[in-house]
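Some notes on the structure that comes next.
Ligands are counted one by one from 1 in listed order, and the atoms in each one are counted from 1 as well.
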Amino acid sequence: MKISRGDGVKFVMMSGGPHNIAFDPATILPEVRPQFSANMPNQMGELSSPLFTNPNDTYTISFGKVQPGAYPFYCTPHLAMGMKGIIFVE
Ligand SMILES: [Cu+2]
């Protein structure tokens, strides 16, 4: 998924939860991490959203003030099933 700098990405829980949205801190530049973390509300772990269990639960991550680049993410409970993606900030 490609977005522009400053966009937000809204994730919507559909089915088959629990799901979350997590980023491996090692993939985020150290100088970007504090702002990126500030853009992720209610984290249950470092750069990890809460778990969502109800259809239509939503979670929005702002990409404001983070630099262009690739931001790979995954769902912690379903990583082994390949539930992951990449957000490209242009
Ligand atoms: Cu999942």
| field | Atom nearest to the Cu ion (ligand 1) - His19, N, O or S atoms considered | value | ND1
| request: May I ask you to decide if Ser15's main-chain N or O and His19's side chain share a donor-acceptor pair within less than 3.5 Å? | output: yes
| Opening angle at the Cu ion (ligand 1) [ND1, His78; SD, Met83; to 10 degrees] | 110°
| query | Do the two ring centres, one from Phe88 and one from Tyr71, sit under 6.0 Å apart? | reply | no
| task | Name the orientation class of the two ring planes belonging to Phe36 and Phe23 (parallel below 30°, tilted from 30 to 60°, perpendicular beyond 60°). | result | perpendicular
| So, the side chain of Asn39 versus the backbone of Gly64: is there a donor-acceptor pair under 3.5 Å, distance only? | yes
| said: When you measure from the Cu ion (ligand 1) to the N, O or S atoms of Thr76, does any of those distances fall below 2.8 Å? | reply: no
